[in-house]
Amino acid sequence: MKKRFSKILLSKILLLVTIFLFSLNIFAKNKTPLLYVGTEAEFAPFEYLENGKVVGFDMDLIDEIAKIIGYDIKVETMKFDGLLPALQAKKLDIVIAGVTVTDERKKFVDFSDTYYVSEQMIVVNKTVDTGIKSFKDFPGKDVGVVLGYTADLVVSEIEGVNIKRYNGTGEAIMALKAKKLDAIVIDSEPAKNYSAQNDDLTVIESDSAKEEYAIVLRKGQDEILKKINDALKTLKENGKYDELIKKYFK
Ligand code: ARG
């Protein structure tokens, strides 16, 4: 009698456990994980605002990657120099913002494989004759950079420059247009983009070193890092990456 009773009990428990595991499984399958993506949206054509929405090359790229690795994404914008601290504080899962891979940053965060190669360029106001033709002409000049951008490192290496730091690209451009600066230094694509939109501005091709952009992750996120790198590879192989390059860099 006792034996029979425990048998029934055992099968009931087994049934309950099975149902429980099964429902867990369904639950896991239905819920696409969410990835919090950080960016700063004053960096066209990589990221910029259009009708209140963050768009651009980086946004399309991360959308494609998310599709492949099976994540939904939620984009959060903030000031550029707040992005990596927010990532480390786990307020973000990844950052995609035309971020240049540097040794200094590598001490704190991990980078994916490179997805774009860029360089720093000089933008000047055509209506002012500053005599600036290259970085060599910078000593004694007022040069604008955006806080936390690699341009700051590049310009800081030149002696005798009066560096002015701005909160965003738009602010630096405004100062250049208002003739408060002799030049600004910024990554090549935004440099070309802003001067194309402003008749009074022009780009000077500089001799600065190449920079590589990569997606940023917190250290130790090896599993997702690998997934992202594999997805990047897939997008390069299946033509989607080239499609995006054509869409944003004519
Ligand atoms: N490539 C530069 C850097 O890593 C500037 C990036 C700025 N990106 C942005 N979305 N505002 O410092």
Side-chain angles (χ1 to χ4, degrees), residues 36-50 52-63 65 73-88 91-123 135 143-158 163-176 183-195 197 203 205-206 208-218 244-245 248-249:
Y36 283 88
V37 177
T39 197
E40 190 272 355
E42 250 190 56
F43 202 65
F46 291 98
E47 42 269 329
Y48 53 101
L49 287 172
E50 206 171 71
K53 198 176 173 260
V54 190
V55 296
F57 180 86
D58 284 348
M59 294 303 108
D60 282 6
L61 187 67
I62 201 62
D63 270 346
I65 291 173
I73 58 171
K74 188 162 184 335
V75 176
E76 310 266 354
T77 58
M78 60 188 76
K79 266 174 53 190
F80 186 78
D81 62 352
L83 285 170
L84 300 197
L87 181 69
Q88 285 185 287
K91 287 181 185 137
L92 299 170
D93 297 315
I94 64 166
V95 170
I96 183 162
V99 182
T100 304
V101 180
T102 69
D103 287 340
E104 187 56 29
R105 288 173 180 166
K106 269 193 199 162
K107 288 183 198 159
F108 308 101
V109 291
D110 277 347
F111 285 97
S112 72
D113 292 340
T114 302
Y115 70 84
Y116 194 83
V117 177
S118 176
E119 64 190 308
Q120 296 299 321
M121 280 189 176
I122 303 167
V123 185
F135 285 110
V143 178
V145 296
V146 182
L147 259 174
Y149 285 19
T150 39
D152 196 354
L153 303 177
V154 173
V155 182
S156 296
E157 272 175 19
I158 311 168
I163 306 180
K164 296 197 172 168
R165 297 179 176 87
Y166 293 87
N167 272 316
T169 315
E171 255 183 52
I173 293 284
M174 290 310 282
L176 183 63
I184 70 169
V185 176
I186 190 157
D187 304 53
S188 51
E189 298 303 335
K192 288 183 210 159
N193 207 274
Y194 273 100
S195 30
Q197 280 167 26
V203 167
E205 305 258 339
S206 63
S208 87
K210 295 267 181 273
E211 293 189 0
E212 295 181 352
Y213 292 172
I215 296 165
V216 198
L217 286 96
R218 233 182 340 274
L244 294 184
I245 289 284
Y248 289 99
F249 313 98

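Start at 1 and go down the list; that is how both ligands and their atoms are numbered. Please read all numbers here as calculations on a predicted model, not as lab measurements.
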Query raised in the report: Hey, is Tyr213 touching ligand 1 through its side chain, its backbone, both or neither, going by heavy atoms under 4.0 Å?
Result: side chain

Query - Ligand-residue contact atoms, ligand 1 with Glu40, heavy atoms, under 4.0 Å - result: 9 (C), 10 (N), 11 (N)

Requested in this report: Could you tell me whether ligand 1 has any atom less than 4.0 Å away from a heavy atom of Gly148?
Outcome: yes

Query raised in the report: Is any NZ, NE, NH1 or NH2 atom of the basic residue among Arg165 and Asp152 found under 4.0 Å from an Asp or Glu carboxylate oxygen of the other?
Result: yes

Query raised in the report: What about Gln120: any of its N or O atoms under 3.5 Å from an N or O on ligand 1?
Result: no

Query raised in the report: Got Ile65 and Leu61 here, is their nearest side-chain heavy-atom distance under 4.5 Å?
Result: yes

Requested in this report: Indicate, as side chain, backbone, both or neither, the part of Tyr149 found under 4.0 angstrom from ligand 1 when only non-hydrogen atoms are considered.
Outcome: both

Report summary line: Residue set satisfying side-chain contact (heavy atoms from CB on, under 4.5 Å) with Thr77, at least two apart, ordered chain then number -> Thr39, Ala41, Val54

Report task. May I ask you to check if ligand 1 and Glu42 share an N or O to N or O distance below 3.5 Å? Result -> no

Report task. May I ask which of Pro190, Ser118, Ala97 has a heavy atom nearer to atom 8 (N) of ligand 1 than the others do? Result -> Ala97

Query raised in the report: Does a sphere of radius 6.0 Å around CD in Glu157 hold more than 12 heavy atoms from other residues, nucleotides or ligands, not counting ones at 6.0 Å or beyond?
Result: no

Query - Identity and distance of the protein heavy atom lying nearest atom 6 (C) of ligand 1 - result: Gly98 O, 3.3 Å

Query raised in the report: Taking everything shown except Glu205 itself, do over 12 heavy atoms lie less than 6.0 Å from its CD?
Result: no

**Report entry** Thr102: side-chain contact (heavy atoms from CB on, under 4.5 Å) partners, not counting sequence neighbours
**Finding:** Thr100, Glu104, Arg105, Thr150

Query raised in the report: When only distance counts, is Asp187 in polar contact with ligand 1, meaning an N/O pair under 3.5 Å?
Result: yes

**Report entry** Proximity of Thr100 to ligand 1 by residue part, where a heavy atom lies under 4.0 Å
**Finding:** both

Query - Region of Glu189 that comes within reach of ligand 1 [heavy atoms, distance under 4.0 Å] - result: neither

Query raised in the report: Any donor-acceptor pair under 3.5 Å linking the side chain of Asp81 with the backbone of Leu147?
Result: no

